[in-house]
Amino acid sequence: MPISAHEIETLLRESFPAAEINVQGDDGSHFAAEVIDESFRGKNRLQQQRAVYAALKGKMDGNNGELHALALTTKAPA
């Protein structure tokens, strides 16, 4: 079943309630997301992206994942 940008944002908002989140894409499997959150301060890019992937709760796991591709930008607020 395809996933929507709104569903991705909802999942991310559960883990990052105060974040600035922008999800784009409408083909059901390829998306771009920007997540700006204070919890990323002091973490490297890999740590930040792992936190985002964990928030997606397996939606990208393996061939059966609902989310095929996610171009991800993460950072702490300026």
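For the single chain, residues carry numbers from 1 onward in sequence order.
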Is atom CZ of Arg50 surrounded by more than 12 heavy atoms (other residues, nucleotides or ligands) closer than 6.0 Å? no
If we only count heavy atoms from C-beta on, is the Glu20 to Pro77 side-chain gap below 4.5 Å? no
Contacts of type side chain to side chain contact (heavy atoms under 4.5 Å, CB included), residue Ser4, not counting sequence neighbours: His6, Glu7
Looking at Phe31 and Ala5, what are the two nearest heavy atoms and their distance? CE2-N, 3.6 Å
Minimal non-hydrogen separation, Phe16 against Ala55, with atom names: CE1-CB, 3.9 Å
Any chance you could measure Tyr53, atom OH, to Leu67, atom CG, to the nearest 0.5 Å? 8.5 Å
Side chain to side chain contact (heavy atoms under 4.5 Å, CB included) partners of Gln48, counting only residues at least two apart: Phe40, Lys43, Thr74
Nearest-0.5 Å distance, CD1 of residue Ile21 to CD of residue Glu34: 10.5 Å
Donor-acceptor contact below 3.5 Å, side chain Arg45 vs main chain Lys75: no
Between CG on residue Leu56 and CG on residue Leu70, distance to nearest 0.5 Å: 6.5 Å
Compare every heavy atom of Ala18 with every heavy atom of Asp37, then report the nearest pair and how far apart it is. OD1-C, 3.9 Å
OG/Ser15 to NZ/Lys57 distance, rounded to the nearest 0.5 angstrom? 6.0 Å
Given the rule that I, L, V, M, F, W and Y join up when any side-chain heavy atoms are under 4.5 Å apart, are Leu12 and Leu72 in one cluster? yes
